[in-house]
Protein chains: 2
Amino acid sequence: MTDIGKKKATIYDLSMLSGASPSTVSAVLNGSWRKRRIKEATAQLIQKLANEHGYTANLQARGLRSSRSGLVGLLLPVHDNRYFSSMAQSFEAQVRSRGQCPLVVSACRDPEEERKVVETLISYSIDELFIAGATDPDGVHKVCEKAGLKHVNIDLPGTLAPSIISDNHEGARMLTQAIIERAQEDGPLSPDDLYLFGGRNDHASHERIRGFRDVKRAVLGADPDICIQPTGYSPAMTARAFEAFYEGHGKLPRAFFVNSSINLEGLMRFLALHPHETFADIIVGCYDYDPFGSFLPFPVFMIRQDSETMITKGFAILDADRRPPITHLVRPTLVPPRTALTGPLDALKDIE
Amino acid sequence: MTDIGKKKATIYDLSMLSGASPSTVSAVLNGSWRKRRIKEATAQLIQKLANEHGYTANLQARGLRSSRSGLVGLLLPVHDNRYFSSMAQSFEAQVRSRGQCPLVVSACRDPEEERKVVETLISYSIDELFIAGATDPDGVHKVCEKAGLKHVNIDLPGTLAPSIISDNHEGARMLTQAIIERAQEDGPLSPDDLYLFGGRNDHASHERIRGFRDVKRAVLGADPDICIQPTGYSPAMTARAFEAFYEGHGKLPRAFFVNSSINLEGLMRFLALHPHETFADIIVGCYDYDPFGSFLPFPVFMIRQDSETMITKGFAILDADRRPPITHLVRPTLVPPRTALTGPLDALKDIE
DNA sequence: AGTCATTGCACCATCGATTGTGCAAAAAAG
DNA sequence: CTTTTTTGCACAATCGATGGTGCAATGACT
């Protein structure tokens with residue numbers, strides 16, 4: 001840090017100091033110097049100077065010139081939810097390991113906001129974009145397309161770009177199967193005893209509901225429509241649905257399928273309103289994994305979606321030459337109650 | 001979308017189309033046109049063309065020229081944890097409302113990584129940086145200082161830059177008080193019945209431990225060192241500490257204070273290893289709020305840290321002229337067991 | 001008509017890098 | 001000692017926007 005100056009060093013500064021031209025300095029510092037036949041000694045001199053002055057490239061300038069920024073975006077509906085935040089964590093790790101810079105932003109499930117956020121990302125010349133859980137993936141696709149930006153959908157599929165999503169149908173089948181079996185341990189289960197809460201008009205919800213109904217019909221013989229209670233992805237709405245059921249029946253359904261951990265938060269709100277009841281006999285299935293949700297005072301079966309694999313596949317697809325708008329399914333896993341899975345956190349070194 | 005071309009429109013394209021010069025186009029599109037005395041009619045023409053062609057400014061170019069990028073960074077230890085992910089959520093909302101672009105990255109509590117990540121952010125000419133939960137805030141400070149980057153510490157204080165942190169001492173006192181009171185409902189509590197798990201060699205842990213010990217000593221009369229079990233911020237280490245206690249005593253302490261939700265995950269791992277015991281009689285205090293953690297099958301008192309206010313204060317400080325390296329405390333709140341708080345998620349519109 | 005102020009805009013250097021091209025000097029070949 | 005090849009680098013255009021400066025045209029005023 002021989003550097004006393006206030007401003008950051010540029011290739012021009014190093015050019016002065018080394019006596020070489022800016023282009024030579026540039027070549028040395030971006031690694032293309034062998035190709036440009038720069039003498040080894042020159043390169044070393046420049047590198048030494050660069051170190052001494054703490055040179056780091058201005059990536060905006062580089063991005064402007066080369067129209068590649070080294071930024072990779074991940075568009076999320078929300079941050080504060082274990083599914084998406086752990087996706088962000090895996091994403092970051094993978095982007096970094098590729099020598100690029102991750103850029104994670106959320107758009108609050110608002111189609112308009114989604115497009116605006118992506119426009120902004122494009123203005124920073126990001127190189128690739130992962131669109132996770134978008135409300136309007138095809139709308140976002142068009143924005144990307146216009147800018148020639150490579151992108152994939154994660155979690156919710158679009159029709160215009162390749163998509164990598166959970167096998168929601170299969171996951172829902174596993175989950176439904178599991179809660180039915182568990183509930184039957186307590187006695188015969190009638191179709192009216194098994195509900196589904198949450199979900200809205202998106203592909204994931206449809207598939208999950210389909211899987212739920214398939215299994216329910218096959219195992220319990222019937223599948224009344226009333227047992228499906230779509231509430232959107234909102235804790236408040238979900239809480240209201242539980243409350244409505246409770247007011248009508250004086251209890252909760254013996255077993256139910258909750259569409260996501262966000263909806264499961266709605267169950268918590270409902271529980272908070274009934275502090276004197278334990279609800280210890282309900283059986284819950286939640287399509288999402290949360291380490292604390294798994295240990296609630298009643299059995300909670302969960303589905304862990306494999307966001308890590310989705311990201312990995314996403315990169316594989318982006319790296320491929322042809323990118324047909326195919327939907328790839330990633331199998332989720334069923335997590336029995338009271339299970340503590342390890343996550344990306346465990347990769348941290350912990351210095352005492 | 002009259003635009004058929006592949007590339008994005010630039011001010012030069014609009015300059016050609018409108019017959020005006022690039023600088024005029026630039027002035028019109030960045031709003032400085034009144035100051036530059038551009039005719040209203042000219043401005044309207046250019047704006048019309050810009051709309052038709054879906055023009056958006058190249059923010060890299062703008063940033064390069066004006067050396068202000070509109071990017072605001074948030075450096076996080078990890079994403080997948082409710083405390084930090086909800087901080088990210090508030091951060092995003094506030095940055096957007098200021099017309100800037102949020103950039104959230106994590107550095108895995110690795111001091112080296114922290115500095116490298118910040119170097120990268122600096123290369124993108126970010127305007128301001130929030131450093132949350134950094135292991136080495138002062139190390140990061142130096143990097144920022146060299147680049148003339150405005151920054152504040154959140155959650156963990158540094159000595160060289162202004163810091164906004166939870167009032168950990170007061171929070172720990174509240175939490176300790178609460179679990180002692182609750183435990184005493186089940187009979188007299190001896191000092192050996194009250195433990196603290198988690199935490200490491202950082203300011204937050206020190207203060208929390210201090211608050212815990214203050215209250216414990218005052219209320220229970222004694223405070224043996226053995227009751228403090230620092231485990232770092234690692235679920236695995238924490239689980240091991242619980243396991244060790246359990247092996248020694250055949251049970252868990254009647255009441256204990258857990259340093260963070262990450263450590264609480266360690267408790268989950270411990271529980272998973274003992275599927276046949278319910279541990280229904282323990283009283284837990286956790287310094288962090290998690291909506292599912294609040295409903296575990298035993299009483300869990302939690303502390304909700306007000307990350308939203310911390311971010312708000314952070315901006316206030318960054319906006320101020322003088323920025324002395326003072327530490328500002330934000331009061332957290334005690335959350336009784338079985339409480340479902342609303343969060344940033346509730347701001348979402350939920351379209352059915 | 002001549003002077004001066006105002007309006008409306010064009011010109012150009014600049015931010016910090018990348019990259020195609022050209023050209024000396026040194027080395028190899030003849 | 002030429003001619004050819006290779007080595008090593010400098011030059012200059014360029015990416016897309018910004019903002020200081022200058023200048024013609026118009027209007028106001030004596």
Side-chain angles (χ1 to χ4, degrees), chain A residues 5 7-46 50 53-71 120 122-127 147-148, chain B residues 5-46 50 53-70 120 122-127 147-148:
Chain A
K7 304 305 301 169
K8 298 213 54 175
T10 70
I11 54 169
Y12 299 96
D13 300 330
L14 297 179
S15 161
M16 300 262 54
L17 289 163
S18 65
S21 77
S23 56
T24 300
V25 175
S26 169
V28 169
L29 295 172
N30 70 28
S32 68
W33 58 280
R34 304 209 95 97
K35 200 172 62 201
R36 283 183 149 263
R37 301 185 319 224
I38 308 293
K39 215 197 304 175
E40 180 109 26
T42 311
Q44 285 180 354
L45 168 63
I46 291 174
H53 292 265
Y55 171 85
T56 51
N58 180 321
L59 298 180
Q60 295 208 74
R62 172 178 295 171
L64 175 58
R65 181 61 239 256
S66 56
S67 64
R68 295 197 57 261
S69 63
L71 295 168
T120 306
I122 289 173
S123 306
Y124 286 106
S125 310
I126 64 171
D127 297 334
Chain B
K6 204 84 227 66
K7 305 305 301 170
K8 297 211 55 173
T10 70
I11 54 168
Y12 299 96
D13 300 331
L14 297 179
S15 160
M16 299 263 52
L17 289 163
S18 65
S21 77
S23 57
T24 299
V25 175
S26 170
V28 169
L29 295 171
N30 68 29
S32 68
W33 58 279
R34 304 208 94 99
K35 203 172 59 202
R36 285 186 145 259
R37 299 185 322 223
I38 308 293
K39 216 198 304 176
E40 180 109 24
T42 312
Q44 286 181 354
L45 168 64
I46 291 174
H53 292 265
Y55 171 84
T56 52
N58 180 324
L59 299 180
Q60 296 209 73
R62 172 177 297 171
L64 176 58
R65 183 61 239 260
S66 57
S67 66
R68 295 197 57 260
S69 64
T120 306
I122 289 173
S123 305
Y124 287 107
S125 309
I126 63 170
D127 297 333

Footprint string (nucleotides 15-21 of chain D, 5' to 3'): B base within contact, S backbone only, - free, heavy atoms under 4.0 Å: BBBBBB-
Separation of [X] atom [atom1] from [N] atom [atom2], in whole Å?
X      : N      : atom1 : atom2 : value
A:L14  : D:dC9  : CG    : C1'   : 17 Å
A:W33  : C:dT18 : CH2   : C1'   : 18 Å
A:K39  : D:dT6  : NZ    : C1'   : 14 Å
B:R68  : C:dT14 : CZ    : C1'   : 18 Å
A:M16  : C:dG16 : CE    : C1'   : 16 Å
A:D13  : C:dC15 : CG    : P     : 11 Å
A:L45  : D:dG8  : CG    : C1'   : 15 Å
B:Y124 : C:dA17 : OH    : P     : 13 Å

Treating [X] as the side-chain partner and [Y] as the backbone partner, does any N or O pair qualify as donor plus acceptor under 3.5 Å?
X      : Y     : value
A:S15  : A:A20 : yes
B:Y124 : B:S69 : no
A:D127 : A:R68 : no
B:S26  : B:P22 : no

Modelled atom types, side-chain donor and acceptor of A:S123 and A:T120, under 3.5 Å: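 Absent: no donor and acceptor within the cut-off.
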B:T24 and B:S21: side chain donor to acceptor below 3.5 Å: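 Indeed, the side chains of B:T24 and B:S21 share at least one donor-acceptor pair under 3.5 Å.
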Under 4.0 angstrom between B:T24 side-chain N/O and C:dA10 OP1 or OP2: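 B:T24 to C:dA10 OP1/OP2: side-chain N or O found under 4.0 Å.
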Difference in axis direction between the ends of the helix from C:dA1-D:dT30 to C:dG30-D:dC1, five pairs, 10°: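 One end's axis against the other's: 50°.
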Any A:V28 side-chain heavy atom under 4.5 Å of A:R36 side chain: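 Of all side-chain heavy-atom pairs linking A:R36 with A:V28, none is under 4.5 Å.
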Minimum side-chain heavy-atom gap B:K8-B:D13 below 4.5 Å: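 Not touching, per the 4.5 Å side-chain cut-off.
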Straight-line distance of A:T10 OG1 to A:M16 CE, nearest 0.5 Å: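 One finds 10.5 Å between OG1 of A:T10 and CE of A:M16.
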